[in-house]
Amino acid sequence: MKSIKTILNGLLYENPTFILLLGMCPTLATTTGVSNAVGMGLSAAAVLICSNIVISLLRKLIPSKIRIAAYIVIIAGFVTVVQMALEAYLPSLYESLGLYIPLIVVNCIILGRAEAFASKNSVWLSALDGLGMGLGFTCALVLIALVREVLGAGEILGMSIFPEAWNFQPASIMLLAPGAFLTLGVLLGIINAVRGRGGKKNA
Amino acid sequence: MKTSNPVVLALVLFLITAIVTFALAFVNSLTEPVIAMNTEQKITEAQQAVLDADEFSDDLDTANIQLSETGVSVDALKLGFTDGECVGYVVTTTCSEGYGGDIQVMVGINNEGGENTVNKIEILSLSETPGLGANAQKDTFKDQYGGKEAGITVKKGGGATGNEIDAISGATITSKAVTKAVNAALEAASGVVVSSDFDESEEPESVEPESVEPESVEPEGAEPENADAGDAVPVEVGEKAEVE
Amino acid sequence: MDNLNENMNQDVDKTAEVDTVKAAEINNKLIVSNAPHVRGGNTTQLTMLDVIIALLPALIAGIIVMGYRASLLTLVCVVSCVIFEFLWEKLLGRESTVGDLSAVVTGMLLAMNLPVTLPFWMAIIGCFVAIIIVKQLFGGIGHNFMNPALGGRAFLLASWALPMTTWVAPFTKLHIIGNADAITQATPLALLGGEATGELPSYLDLFLGNVGGCIGEISALAILIGAAYLVIRKVITLHTPIAYIATVFVLSYIFGEDGIYQILAGGLMLGAFFMATDYTTTPYTKKGQIIFGIGCGVLTAVIRKFGGYPEGVSYSILLMNLAAPLIDKITAPKPFGTMKKGEVA
C-alpha cells in the first residue's frame with residue numbers, strides 16, 4: 001500500500017545518495033567513521049521528518065512566491081534545535097560532526113523533498129517520505145563509512161577489527177577526501193551495473 | 001495559496017519566522033544550562049586527570065600573558081595545591097594550527113623544586129580526521145608528554161628520545177599543533193610567580209594565587225595566608241621570585 | 001612518428017570487364033585502400049619495447065645499489081600490472097591489450113618510484129590503482145587523464161606515508177623475501193631539507209648513484225643513458241625534459257639553492273625523461289611540451305623549496321597532466337590557410 005511504498009521509495013528506489021545523488025557534501029565529509037555516519041544520518045532524518053510534517057501542514061497556507069524562503073526558515077529552525085540538543089546531550093558527536101550539523105540546512109535532500117513531496121502531499125505521507133529518505137540516507141552513509149573506516153583505519157565504530165597478528169596497516173587515504181570520492185564512485189558504479197544502466201542499451 | 005499581495009507575503013513570512021524564533025528561544029532555554037554544566041564538568045574532570053592535586057585555585061587572569069609563538073593562546077591557568085603547597089599548574093591552551101582547526105589542550109604541569117615538567121595532558125577539543133589526527137586522543141600519544149620540559153619537539157618516523165615526541169604517522173600537522181599548545185602551557189607556567197609575601201600597593205611584578213576554593217581548609221604553612229580575595233593580578237611571564 | 005608519404009593510388013575502374021584470370025592478376029597488382037599507404041612500422045608495442053630497454057640501465061643501477069630485492073619488487077609490480085589488466089579486460093569481455101606492453105612499462109615505472117623496502121602487498125595495491133583505477137576505468141590506453149604509475153605512487157604515498165618514505169643506505173644487504181628491516185638513511189633531498197641530519201652526498205655520488213632513494217632515481221648517469229636511447233629511437237623529443245630540467249636549475253639558484261644538486265638529486269631525471277614525456281597525458285605540440293616542461297619545473301622547485309615535502313616531482317607532473325588538455329587547447333596549431341578575424345584574403 002501507499003505508506004509502505006513511500007518508505008521503500010526513500011530507502012531503495014529513489015535512495016537520495018545513490019539514485020538521486022543529493023546531499024553529496026555531507027556524504028563525503030561525515031563518512032570517515034560509522035558512528036559519525038549514523039549520527040549525521042539520523043540527525044538529518046530527524047530534521048527531514050519534522051520539516052516535511054510542518055511544511056505539509058502549512059502547504060495550503062504558504063504563498064507560492066515565498067515558499068522557498070519559508071521552507072528554509074522552517075528547516076533552519078529544526079536544524080538549530082537538533083544542534084542545540086546534540087550539544088547538550090551528545091557532546092562528543094556534536095564535536096565530531098562539527099560544521100556539518102548547521103550545514104544540514106542546505107542539504108539538498110531536505111529542501112528537495114520539501115519542494116517535491118511535502119508541499120504536495122498529505123501530512124502522513126510526507127512524514128513517511130521523510131522517514132524513508134532519512135533512512136535511505138543513513139544507510140547509504142553507513143555503507144560508505146564501513147568501507148572507509150575498515151580500509152582506512154582498520155576499525156569499525158572505533159574498535160579494531162583485525163587481529164593484532166595480522167599487523168594490518170590501513171590505507172590512510174581512505175579517510176581523506178580522495179578515499180571518499182573513490183568509495184562513492186566505485187559504489188555508484190557497482191549499483192549502476194546492478195541496475196543495468198550505463199553504456200549498454202537496456203529496455 | 002496563490003497570492004501576490006506583498007502585504008500577505010510579508011505577513012506570512014514574518015509569522016513563520018516569529019514562530020520559529022520563539023520555538024528556538026524555548027529550546028535554547030532548556031539546553032543552555034545543560035551545555036554550560038557539561039562544559040564545567042568536563043573541565044573539572046580533566047583538571048583532576050591532568051594534575052594530582054587536592055585543590056585548585058580559581059582561574060588567574062591570563063590576559064597579559066605573552067607567548068613567544070603565534071598561533072597559540074592561553075585560555076586558562078590555575079594552580080594546584082596539595083597539603084597547602086603549590087604542586088603545579090593546570091594550563092589550558094588553544095593552538096589554531098591543527099589540520100581541522102583549533103585544538104584545545106589542558107596541561108597538568110608539575111612544579112618540583114622550580115622545575116616545570118608535564119604531568120599529563122588532556123585534549124579538550126579536537127576536530128581532526130578520524131584515524132589520523134583524531135588519534136591524538138589515544139593514550140599512546142598523550143602519554144608521551146609525561147615528564148617533558150619546555151621546548152618539546154616533534155620527531156617524524158619514530159625513535160624519539162629526550163625531549164622529543166613521536167608524531168602520529170600521517171598526522172604531523174596535528175602532532176605539531178598539540179606540541180605547540182603544550183609548549184605554550186609550559187611557557188605560561190614558567191612565568192607564574194608564587195610568593196607568600198605580597199605588597200598590595202605594587203601590582204604587576206608578581207602574582208599571587210587566588211583564594212582557594214571555598215570548601216577547602218585554610219592552608220597552613222608556606223601558603224599565602226594573606227592572599228587577596230577577589231582581585232586577579234596579571235601574570236607576568238619571565239620573572240620568577242623565590243617561594244618563601 | 002609515421003612518415004606520411006601521400007601516395008595516390010588509382011581507383012580500379014569497376015566497370016572494366018576482365019576475365020577471372022586477369023582479375024586474379026589485377027588483384028595482385030592493384031590494391032584499393034584508404035590512406036595512409038606507407039606505414040612507418042611503429043606500433044604501441046614497439047614503442048613500449050623501446051621504453052623498456054631505455055629503463056633497463058636505471059633499473060640495473062637500482063638493483064646494484066639497492067640490492068636484489070629491487071629486482072623482485074620490480075618483477076612483482078610488472079606481473080601484477082599485467083595480470084590486473086588482463087583480468088579486467090577479460091571481466092568486461094574486451095580484447096586483451098596486454099600484448100602492447102604498456103602494462104609492463106607502467107609496472108616498471110611504478111616500481112622505480114618506490115623505496116626498495118616497500119612491502120610487496122602495498123606495491124600490488126599500487127599496481128591495482130595504477131592499472132584499474134587510473135587507466136582502465138577511464139577508458140584504457142590513450143584515455144587516462146594522468147600518468148598511471150605516478151597516480152599509483154601518489155595513492156601509495158597518501159595511504160602509507162611511513163613505509164613510502166623509508167629508505168635505506170646504498171649497498172645495504174637486505175632480505176629479499178619478507179619485509180625488510182634495515183637501517184634507514186634519508187634521501188639527498190631530505191638531508192637538504194633539514195628533515196634528517198647527515199652528510200650531503202657529493203655531485204659524483206648523485207651522478208653515479210651512491211645515494212639512497214627510490215629504486216629508479218638512484219643514478220643520474222643510468223637515466224641519461226636510457227634517455228639518450230629514447231631520443232635516438234625517436235620515441236621522445238627533448239622539448240619537455242630540457243624545459244623541465246632547465247627551469248628547475250634556474251629556479252633553484254633564484255631560490256638560493258644549489259642548482260646542480262637539485263637537478264641530480266631526487267626523481268627529477270627519471271620524471272623529466274620518462275614520465276613527463278608520456279604521450280597520453282602530455283601536450284602534443286612542441287610549444288605545448290615546452291610550456292608543460294616549464295610548468296613542471298616551476299611546481300617542482302616551489303614544492304621542494306616551500307612545500308611540506310622534500311620531493312615534488314610526482315605531484316608536479318600529475319598536476320601538469322591535469323593541465324595538459326588546456327595547454328593543447330591554447331597551443332593548437334592553426335589549420336593552413338585560416339585567417340584571423342577581420343582579415344581579408
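Chain A is the first sequence line, chain B the second, and so forth, proteins listed ahead of strands; every chain is numbered from 1. These figures come from a predicted structure and were not determined experimentally.
In this structure, the portion of Ile133(C) lying under 4.5 Å from any heavy atom of chain A is its side chain and not its backbone. Residue Leu151(A) does not touch chain C at all, counting heavy-atom pairs closer than 4.5 Å.
For the side-chain contact (heavy atoms from CB on, under 4.5 Å) criterion with Ser159(C), the lone passing option out of Leu176(A), Leu175(A), Ile173(A) is Ile173(A).
Surrounding CZ of Phe181(A) are at most 12 heavy atoms belonging to other residues, nucleotides or ligands under 6.0 Å away. Shown here is Phe86(C), whose CZ atom has no more than 12 heavy atoms of other residues, nucleotides or ligands within 6.0 Å.
Between Ala158(C) and Ser172(A), the shortest heavy-atom contact is O-CB, 3.6 Å.
Trp160(C) places a side-chain N or O within 3.5 Å of a backbone atom of Pro170(A) that can act as its donor or acceptor partner.
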